[in-house]
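A quick write-up on the structure given underneath.
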Amino acid sequence: MRLPLRAFHTFRSLFSQKQTTNPQRRGLGGAAMRLVQFCRHGDRGGIRVGVELGEGLGVVDLKAFDPTMPSTVRELLEMGDQGLERAQRAMTCGQSVVEHSDIWLLSPVLAPEKVVCVGINYRDHCLEQNVPIPNEPVIFNKFPSAITGPYDDITLPSESQEVDWEVELAFVIGRRGKHIKEEDALSYVAGFTVANDFSARDWQMKRNGNQWLLGKTFDSFCPLGPALVTTDAVQDPHNLGIRCLVNGETVQSSNTDQMIFKTATLVAWVSKFVTLTPGDVFLTGTPPGVGVFRTPPVFLKKGDVVECQIDQLGSIINRVV
């Protein structure tokens, strides 16, 4: 059973905090927006791109405003600055607005070419595990098929008995690049969103030669959302409160200033190895408080509700089924 959107109105205050643009860090397109993907109720196959207008003000349906606009955020990003400028014009006009009650929010990015993940990337999480701070980013991945929406159910796989939570700041690549210089890296980032890096610890830590991939990439193990918040709408992505709640109890609470390798460093590092393309998703690591390192360990069970919150970005809420 999916949680209805009206169940999250009490969390909308997280979305409405005043944003302050940093003029020294121009984002892709220079546009401050909250981009969403959605479908209308009863039309699960009809993906649309929208721009949130603010609390209680609905979402501009870009395709309804301009039939030549693309149907996915990835296609919008592939248009470059022109696409984001057209989206911003639609937001300014405030026409073709749909109400949140009439739509279901999807992940802000679907079917990216890559989902890049970073392990052991919070200082306080290193202390929790009693492991040294890494000298270079620890990179792994999820398959894109793991992505699901901000309010969709998470399927507890029968193959695992140790499914855990991990709230994470995620960012999305906005333009193609290889061997990107760190000082230029933020110009390749379209925006930020909230992620939960669900993890099957038995497969991650005890089986399959301790390779992380299988434990991280079960279907539905990468909820994202609720919006892609463009870089110019985020005051400082590395100074945001970040929290995870399980059944209403706070289990993780930290700040993204604890990140060891920050956004620009990660973009520059990964682009040494692979070409980054619009829509690629990066998950940047989790703070302390995960279930596996509790005494005794705590793992998720059917019926649990997991909420991940990041200041200025919003919250995602997923029921385990």
Side-chain angles (χ1 to χ4, degrees), residues 1-3 7-8 106-107 110 112 115-122 124-126 128-129 131 138-170 193-226 242-254 281-310 315-321:
M1 154 176 183
R2 290 185 170 92
L3 295 172
F8 310 118
L106 309 172
S107 165
L110 295 170
V115 180
V116 180
C117 305
V118 187
I120 320 175
N121 197 33
Y122 274 67
D124 46 9
H125 188 41
C126 290
E128 176 184 49
Q129 302 177 67
V131 298
V138 177
I139 303 297
F140 62 99
N141 73 297
K142 289 175 178 277
F143 291 135
S145 56
I147 290 177
T148 193
Y151 308 129
D152 288 343
D153 292 338
I154 304 303
T155 302
L156 200 65
S158 59
E159 293 83 1
S160 174
Q161 306 302 314
E162 299 182 356
V163 175
D164 203 348
W165 57 84
E166 291 191 10
V167 60
E168 305 204 7
L169 173 71
T193 192
V194 184
N196 194 331
D197 177 17
F198 281 99
S199 305
R201 301 301 189 189
D202 38 9
W203 282 93
Q204 179 189 1
M205 297 177 171
K206 303 173 184 177
R207 303 186 62 176
N208 199 232
N210 295 330
Q211 298 272 348
W212 288 10
L213 174 63
L214 290 182
K216 294 284 190 174
T217 202
F218 281 98
D219 290 347
S220 78
F221 268 28
C222 189
L224 296 172
I242 180 169
R243 295 166 295 277
C244 178
L245 293 77
V246 176
N247 300 326
E249 177 185 354
T250 300
V251 291
Q252 292 181 275
S253 182
S254 185
V281 177
F282 278 63
L283 275 62
T284 62
T286 197
V290 294
V292 70
F293 295 126
R294 293 173 174 265
T295 306
V298 177
F299 298 110
L300 294 168
K301 60 185 184 303
K302 289 184 179 180
D304 286 343
V305 176
V306 185
E307 178 181 1
C308 295
Q309 305 173 348
I310 301 180
S315 68
I316 60 176
I317 306 177
N318 305 97
R319 186 185 299 277
V320 179
V321 298

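Please read these numbers as outputs of a predicted model, since none were measured by experiment. Values reported hereafter were calculated over all heavy atoms of this structure, with side chains retained and with hydrogens, waters and symmetry mates removed.
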Would you find a donor on one side and an acceptor on the other, under 3.5 Å apart, between the side chain of Asn196 and the backbone of Glu166? yes
Are there over 12 heavy-atom neighbours, none belonging to Gln211, within less than 6.0 Å of that residue's CD? no
Tyr151 versus Pro226, closest heavy-atom pair with distance: OH-CB, 3.8 Å
Given 3.5 Å as the limit, does a donor-acceptor pair link the side chain of Glu168 with the main chain of Gly285, or not? yes
For Phe143, is the CZ atom crowded, meaning more than 12 foreign heavy atoms sit under 6.0 Å from it? no
Classify the ring geometry of Trp203 against Phe218: parallel below 30°, tilted from 30° to 60°, perpendicular beyond 60°. perpendicular
Examine distances only and state if a side-chain atom of Asn121 and a backbone atom of Thr284 form a donor-acceptor pair shorter than 3.5 Å. yes
Name all residues meeting the ring-ring contact (aromatic ring centres under 6.0 Å, His included) criterion together with Phe282; count only those two or more places apart in sequence or in a different chain, and write none if there are none. Phe171
So, Lys142 side chain and Lys216 main chain: donor-acceptor pair closer than 3.5 Å or not? yes
Donor-acceptor pair, distance only, cut-off 3.5 Å: does the side chain of Ser160 make one with the backbone of Glu162? yes
Work out which heavy atom in Leu224 is nearest to a heavy atom in Ala170; give both atom names and the distance. CD2-CB, 4.3 Å
Taking atom CD1 of Ile317 and atom CG of Asp152, what is their separation to the nearest 0.5 Å? 12.5 Å
Scan residues 285-296 for pairs that pass side-chain hydrogen bond (donor to acceptor under 3.5 Å, both in side chains), counting only residues two or more places apart or in two chains. Gln252-Thr286
Atom pair CZ (Arg319) and CG (Leu156), whose distance is rounded to the nearest 0.5 Å: 13.5 Å
Tell me the closest heavy-atom pair linking Ile310 and Thr193, and the distance in Å. CD1-O, 4.4 Å
Is the side chain of Asp164 donor-acceptor paired with the backbone N or O of Val292 at a distance under 3.5 Å, no angle test? yes
Val290 and Arg201: side chain to side chain contact (heavy atoms under 4.5 Å, CB included), yes or no, with the steps? CA-CA 11 Å; Val290 294; Arg201 301 301 189 189; 3.7 Å; yes
Between Arg207 and Asp202, is there a side-chain N and carboxylate O pair less than 4.0 Å apart? no
Backbone N or O of Thr148 within a donor-acceptor pair of the Ser220 side chain at under 3.5 Å? no
Tell me, please, which residues at least two apart from Phe140 pass ring-ring contact (aromatic ring centres under 6.0 Å, His included). Trp212
Taking all non-hydrogen atoms of both residues, which atom of Trp165 and which atom of Gly291 are closest, and how far apart? CZ2-N, 3.4 Å
